> 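I'd like to ask you about the structure that follows.
What you are looking at is a predicted structure, and each value in this text was computed from that prediction instead of being measured. Just so it is clear, the values below take in all heavy atoms, side chains as well, and ignore hydrogens, waters and symmetry mates. Along the sequence shown, the residues carry numbers beginning at 1.
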Amino acid sequence: MAATTRSPASIYDVFLSFRGLDTRHGFTGNLYKALDDRGIYTFIDDQELPRGDEITPALSKAIQESRIAITVLSQNYASSSFCLDELVTVLLCKRKGLLVIPVFYNVDPSDVRQQKGSYGEAMAKHQKRFKAKKEKLQKWRMALHQVADLSGYHFKDGDAYEYKFIQSIVEQVSREINRTPLHVADYPVGLGSQVIEVRKLLDVGSHDVVHIIGIHGMGGLGKTTLALAVYNLIALHFDESCFLQNVREESNKHGLKHLQSIILSKLLGEKDINLTSWQEGASMIQHRLQRKKVLLILDDVDKRQQLKAIVGRPDWFGPGSRVIITTRDKHILKYHEVERTYEVKVLNQSAALQLLKWNAFKREKNDPSYEDVLNRVVTYASGLPLALEIIGSNLFGKTVAEWESAMEHYKRIPSDEILEILKVSFDALGEEQKNVFLDIACCLKGCKLTEVEHMLRGLYDNCMKHHIDVLVDKSLTKVRHGIVEMHDLIQDMGREIERQRSPEEPGKRKRLWSPKDIIQVLKHNTGTSKIEIIYVDFSISDKEETVEWNENAFMKMENLKILIIRNGKFSKGPNYFPQGLRKLGHLTVLKFDWCKFLTQIPDVSDLPNLRELSFQWCESLVAVDDSIGFLNKLKKLNAYGCRKLTSFPPLHLTSLETLELSHCSSLEYFPEILGEMENIERLDLHGLPIKELPFSFQNLIGLQQLSMFGCGIVQLRCSLAMMPKLSAFKFVNCNRWQWVESEEAEEKVGSIISSEARFWTHSFSAKNCNLCDDFFLTGSLNVSHCKHLQEIRGIPQNLRLFNARNCASLTSSSKSMLLNQELHEAGGTQFVFPGTRIPEWLDHQSSGHSSSFWFRNKFPPKLLCLLIAPVLGDSGFSRGFLLQGEGQVHSTSNEEIV
């Protein structure tokens, strides 16, 4: 609950040393009560020593077991040999860490130091009484001198109120006790960098503001451990501090009033604060703490009401205060407008292995024979500190064989200790959210968010977005790059919850995912109406086998809504499908991805509402039914990586937006386009041995970008005039291609193309080119690295960028043509030419380290900059040229131009 105020080695917070006859029933009695009221555990001899004990040994032990000693040096303190022995013991323990606070009560400190006045008289009497014990006398004198030199408190009647004097002592004691470091972890691996990040958010150096920060993440990551480490680091900077642990649990057990009273007692130093309602507690926190600089940490918050009752607004606390909230639910922080947050991450591989070793072997090094199983444990734990600590501790002192056996068990049935911690977040969900979580954990982890929402929408109406958001906020799932992800142990927790519903009869569960369980149900026909989702991926099996099953197995599964089978090879087809799966007319998404046994896509004409059809990486697929080409509502067609597919049916898909045929490495001809299709804006054709883009290709009237990579010898038979939006071309490693607008005009208009281009974007690469203005819709020409390019003819007037770097075969006539006066007058054109020396076609003069260049005696009037320099590692001219006068360019470099 509230953090303990004593270190493990201490029993008492304070030991009181005093002369009973002087102050027991006055000052010392009042001081003891004030300390006790603040919850400070204080030793006073008349209450703590049982009768019959020897006084001196018992007192000596009590002093050693205390953290602070307060010595009340009154008028007659030195007259007691007992008190002086006690003082000697106190000062000896000071060397071992005991904090000694002297209180000079109606006594001048100089009298104690120099043994004058009552202290001088007392020591004179001791001199006579113990004249044979000179060593003892010397220890007493030294003790009095030493204690008088310590920083403490001096009270004199009439100078101040005694209660205020006592209050100042209690305040210091309270601060000193609160500074005691709390226990963080036995092995605080990987904490350092996280503590630094949180401290940056706290900005402890800013004294005029109040900051509330949140630390969030899934259970078992070490949020509490991190908060403890931060607390120890910064507690010294505050007037008072309180670390309130297990807010969720304690709030459920005892209510909010209990938590509020603990906080008030700790930060105000008052005992027995009784509240009639949480509203009264909130009001008291606001009014009593608004002038105090406090550090308050609320650990494991799970409800908004807890924050409302304890840290309503930043102005409830004094300037410079800091509040830290740890929670699994990020939405609580959003709701409370906590803007500064830190998400605790899993440990990396190295830190995870280190933490496991410390827990398993109590040292960082281990017997090499354990290395393999240690790495498997680290992989299983997926960086979760909780799992690493529990598994490591449970297997401490065990043999490698015992480790191996334990890991096999954990894979089948996760550790109860781990599940108990992780399940807290699941228990906090609503009933429908629990079902969504179990659907994802059991069957849909790793799917696209859009797919999950689409598949489950029929089960949970239109609330899917809200449910997913709740799971993300509670750190049960994450959505990264559109994929629904989940920590492996969170998934194991969900699957174990589902398995426990019917441990021995999987056919009575709502969700099935284990190949072993599914085969058992299908083979023996033990399914029931409780089954709603079946997901199985046979590719995770070590061996390929044909599933022998009962073809009537689906008959009893009348409530089956979702069936996902990956890479399954069945001995026969089903005789019956449940009603929930026979509404094929409403099917909108059909996927056969990675089905390595699939050889043919069947007739899909009965699926008029299909919007997405995907069969990527079906390595055995050889035929696609023609009906695919006439699905009017189809928006996405994906055949990526079907390596045995040699032909594709004609397409008339007016709604199609995405067509993916890349890496169909046996497909030599692009499919015929039977009518205008305006929704495909970009087409990537990579890794195809395609021989021809047909004349009907021009029916892709909405196409804006065409990219071909490694497509061998290609012939393009289409009219660019029919594709008005086509503005970007990218041809990479296409060995040879030919553009033919019509067979009759081939000799007149066509161009035979050969290219070894490494890169093409918004450009055109060729060996001999006859180009027209209509072709250059972007006004840029990039033929860099076209080693066989010799001649360019018919350059259009709207050319603005020309790059011919590394075109070693380009003729001088083509270069000269590019620099003709008409282009210069058009203005704004940029040129990049090849060469390792000043080209012969460029007029120049050299004089020492300076060179002059002339462009046919007339400088282009709108050319703003000429850069002659090495580019991307190619040798070329030196850098540093200056434009001067009538088109003359002078080198300003001290390097010689080559």
> Applying the side chain to side chain donor-acceptor pair (under 3.5 Å) test to R248, which of D302, D300, T327 qualifies?
D300

> S475 and R328: side-chain donor and acceptor closer than 3.5 Å?
no

> Would you tell me whether Y77 and S17 have side-chain atoms, one donor and one acceptor, within less than 3.5 Å of each other?
yes

> Of all residues at least two apart in sequence or in a different chain, which pass the side chain to side chain donor-acceptor pair (under 3.5 Å) check with Y335?
none

> Should we count NZ of K362 as having more than 12 external heavy atoms under 6.0 Å?
yes

> In terms of side-chain heavy atoms, does N394 have a donor or acceptor partner in E417 at a distance below 3.5 Å?
yes

> Has S321 got a side-chain atom pairing as donor or acceptor with V294's backbone, closer than 3.5 angstrom?
yes

> Is it true that atom CD of E249 has more than 12 heavy atoms of other residues, nucleotides or ligands lying nearer than 6.0 Å?
yes

> Check whether the side chains of N435 and E431 place a donor and an acceptor atom closer than 3.5 Å, and report yes or no.
no

> Taking atom types as modelled, is there a side-chain donor on S241 or Y231 under 3.5 Å from an acceptor on the other?
yes

> Can you establish whether the number of heavy atoms outside K94 located under 6.0 Å from its atom NZ is more than 12?
no

> Without hydrogens or angle criteria, can the side chains of Q64 and S60 be said to hold a donor-acceptor pair below 3.5 Å?
yes

> Using a 3.5 Å cut-off and no angle test, enumerate the donor-acceptor pairs between side-chain atoms of residues 183-201 and protein atoms at least two apart in sequence or in another chain.
{"unit_1": "H183", "atom_1": "NE2", "unit_2": "D186", "atom_2": "OD1", "d": "3.4"}
{"unit_1": "Q194", "atom_1": "NE2", "unit_2": "G190", "atom_2": "O", "d": "3.2"}

> Between S110 and D108, do the side chains contain a donor N or O and an acceptor N or O under 3.5 Å apart?
yes

> Can E485 and K478 be counted as an ion pair, charged N to O under 4.0 angstrom?
no

> Check K293 with D239, please: is the shortest side-chain N to carboxylate O separation under 4.0 Å?
no

> Would you call the rings of Y460 and H467 parallel, tilted or perpendicular, where under 30° means parallel and over 60° means perpendicular?
perpendicular

> What class does the angle between the rings of F155 and F165 fall in, given that below 30° is parallel, 30 to 60° is tilted and above 60° is perpendicular?
tilted

